[in-house]
Amino acid sequence: MYEAFQNLGFSPADILFPREGIDLTKWAVIACDQFSSQPDYWQAVARTVGDAPSTLRLILPEAELKSPEVDRHIRDINAAMERYWAEGVWRELGDTLIYVERTQSDGRVRHGLVGKIDLDRYDFTPGSGALIRATEGTVLSRIPPRVRVRRDAPVELPHVMLLMDDPADTVLGPLRGLSHGGALYDFPLQQGGGVLRGWTVPPERMDGIAGALSALADPKEMERKYGLSGVSPLLFAVGDGNHSLAAAKQCYEDRKRETPPEQWALLPERYALAEVVNLHDPALEFEPIHRCVSGVSPEDLLRAFREAWPSAVEGRHPGHVIEFVWAGQSLVLTVPDPRSQLAVGTLQSFLDEYLDAHGGDIDYIHGDQAARDLGNRPGCMAFLLPPMGKDQFFKTVMADGVLPRKTFSMGQARDKRYYLEGRRLRT
């Protein structure tokens, strides 16, 4: 282990990778929580893969979590992992990091770094002071099914993406030159997912990476960037895969209860593979997720909002700006004295109370026009929210604990992380 990473919660890992000769386009499939309501997508994946070795055999698509056959699916996954190991499908890259360049479906290139995180430095509890934190509230009911998938799995395959707030690009920027050398992999992703390239990080680059991460985690840097003093440093915020990472944490905590403390550091379950991405990467876009409520009186709802926020003024002014759309009408209100960091927090707290008292349903909508169309239906009202600025992201998590649920969407579905690397969970 590289000592420079000891207190950072992120370090090089023994990474499993398909042996030479494996068709990586067939091997790599998109994160299991994507296209869950579009079976045609996964059927197309199955046709592409055929009988070839593939991570399709090693994951449980989210749509299958509530299937009556879920236990059989999990047993089949674990058996396939063991079979691939016995057949020599895997090879292991010892104590390494992988620098990644992902050409997205829009042609832009996103940069990342794959390694392992220490789950003792991660917490999904709202208000936690952990070095690695969840960004949205974790739905506890979604953890047990994922724990069942991971508990007996001999190998983990990550789709977790962590974000770091590195506006000067001090961590990944110096690694760009690796792309001039021979790549570990370079292949097209199936189903329009773009292209994925990766390079192993040379040992002489490790101290530089650890030094840049240490500087980002320095309390003085936190105070300079966020104007917050006396707060626990936040180095990594979960961008994607929040519930999968929470399940990994739960599996580790379960093992700790049956393992002497002096052996915790040796538990493979203590760590989880993840890709770290710079929040300020130009290819990484945050898009707002709008709200639409149905089964309500739009006029009554608007009146209740004005009563809850009597300071709200019409038009776009400094403060939290929210657009209301209903029955062919549109109204923009600004709350000048919000109690939350983000407009979505101001809106969501109101909607939670209103719907609890009056009934109605809420949907989370991607795209301005889609939200407007839904809001104009009878008995409906849509709320269009502004995008969250990247400079607000970490400060909001540190100040408010977690972001409101469904605060933002990080890129298009086809640009989510694909399963490629793995790590042994059982020796």
Side-chain angles (χ1 to χ4, degrees), residues 16 26-87 89-90 119 122 124 134 136-161 190-191 238 240-258 267-269 271-274 364 405-406 413-414 416-426:
L16 298 179
K26 295 181 178 181
W27 172 263
V29 303
I30 205 164
C32 64
D33 56 349
Q34 299 303 306
F35 301 101
S36 57
S37 60
Q38 296 170 257
D40 288 352
Y41 177 90
W42 289 101
Q43 290 167 9
V45 171
R47 288 194 297 271
T48 298
V49 167
D51 295 328
S54 175
T55 54
L56 180 62
R57 322 284 184 218
L58 310 180
I59 66 165
L60 184 67
E62 187 159 295
E64 299 292 336
L65 281 177
K66 296 182 179 180
S67 164
E69 298 294 316
V70 65
D71 289 333
R72 179 180 62 80
H73 291 325
I74 293 172
R75 289 194 298 270
D76 290 346
I77 288 167
N78 292 341
M81 288 179 175
E82 293 285 13
R83 185 174 69 254
Y84 282 0
W85 188 261
E87 294 174 351
V89 170
W90 303 104
L119 293 173
Y122 158 74
F124 57 82
E136 294 187 352
T138 303
V139 181
L140 299 182
S141 63
R142 295 182 64 185
I143 296 178
R146 289 162 177 78
V147 168
R148 291 165 63 196
V149 174
R150 185 180 178 93
R151 180 183 292 121
D152 296 319
V155 172
E156 68 164 344
L157 295 161
H159 73 268
V160 174
M161 186 183 294
Q190 60 173 293
Q191 313 308 320
V238 181
D240 267 340
N242 181 52
H243 288 89
S244 292
L245 195 56
K249 175 75 168 182
Q250 186 61 59
C251 287
Y252 171 49
E253 294 298 328
D254 292 344
R255 283 300 307 273
K256 284 169 69 174
R257 283 191 284 272
E258 57 191 40
L267 291 173
E269 293 90 346
Y271 305 96
L273 215 56
Y364 300 92
R405 64 183 178 275
K406 301 290 186 181
R414 293 184 190 276
K416 300 299 183 180
R417 199 174 192 283
Y418 275 58
Y419 299 104
L420 178 61
E421 310 88 356
R423 190 180 67 87
R424 284 289 273 181
L425 288 174
R426 293 209 314 265

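For the single chain, residues carry numbers from 1 onward in sequence order. Computed over heavy atoms, backbone and side chain alike; hydrogens, waters and symmetry mates excluded.
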Verdict with reasoning, Arg148 to Asp71, per salt bridge (charged side-chain N to carboxylate O under 4.0 Å, His left out): CA-CA 9 Å; Arg148 291 165 63 196; Asp71 289 333; 2.3 Å; yes
Establish, for the pair Arg424 and Trp85, whether the NZ or CZ atom is under 6.0 angstrom from the six-membered ring centre and no further than 45 degrees off its axis.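 Yes, Arg424 lies over the aromatic ring of Trp85.
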With sequence neighbours excluded, tell me which residues meet ring-ring contact (aromatic ring centres under 6.0 Å, His included) with Tyr418.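 For Tyr418, no residue satisfies ring-ring contact (aromatic ring centres under 6.0 Å, His included) once neighbours in sequence are set aside.
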Checking Tyr252 now: which residues fulfil ring-ring contact (aromatic ring centres under 6.0 Å, His included) with it, not counting sequence neighbours? none
[X] side, atom [atom1]; [Y] side, atom [atom2] - distance, nearest 0.5 Å:
| X | Y | atom1 | atom2 | result |
| --- | --- | --- | --- | --- |
| Arg72 | Ile77 | CZ | CD1 | 10.5 Å |
| Thr55 | Lys26 | OG1 | NZ | 13.5 Å |
| Phe35 | Gln191 | CZ | CD | 8.5 Å |
| His243 | Gln250 | NE2 | CD | 13.0 Å |
| Leu58 | Arg83 | CG | CZ | 8.5 Å |
| Ile30 | Trp42 | CD1 | CH2 | 7.0 Å |

Exercise: do Glu82 and Asn78 side chains pair donor with acceptor under 3.5 Å: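 Looking only at side-chain atoms, Asn78 and Glu82 do not form any donor-acceptor pair under 3.5 Å.
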Testing the basics here: between [X] and [Y], what is the closest heavy-atom pair and its distance to 0.1 Å?
| X | Y | result |
| --- | --- | --- |
| Val238 | Ala134 | CG2-CA, 4.1 Å |
| Pro61 | Ile59 | CD-O, 3.6 Å |
| His159 | Tyr419 | ND1-OH, 2.9 Å |
| Leu56 | Ala46 | CD2-CA, 3.9 Å |

Considering only heavy atoms from C-beta outward, does the side chain of [X] approach that of [Y] to under 4.5 Å?
| X | Y | result |
| --- | --- | --- |
| Val89 | Trp27 | yes |
| Leu245 | Leu119 | yes |
| Val160 | Leu273 | no |

Would you please test Asp240 and Arg417 for salt bridge (charged side-chain N to carboxylate O under 4.0 Å, His left out) and show each step? CA-CA 9 Å; Asp240 267 340; Arg417 199 174 192 283; over 6 Å; no
Testing Lys256, Arg255, Lys249 for side chain to side chain donor-acceptor pair (under 3.5 Å) with Glu269, which one passes? Arg255
Determine, stepwise, if the pair Val45 / Gln190 fulfils side chain to side chain contact (heavy atoms under 4.5 Å, CB included). CA-CA 8 Å; Val45 171; Gln190 60 173 293; 3.7 Å; yes
Counting only N and O atoms by type, is there a donor-acceptor contact under 3.5 Å from the side chain of [X] to the main-chain atoms of [Y]?
| X | Y | value |
| --- | --- | --- |
| Arg146 | Ala248 | no |
| Glu421 | Leu157 | no |
| Tyr84 | Ser54 | yes |
| Arg57 | Asp76 | no |

Are the charged groups of Asp33 and Lys416 less than 4.0 angstrom apart, N to O? no
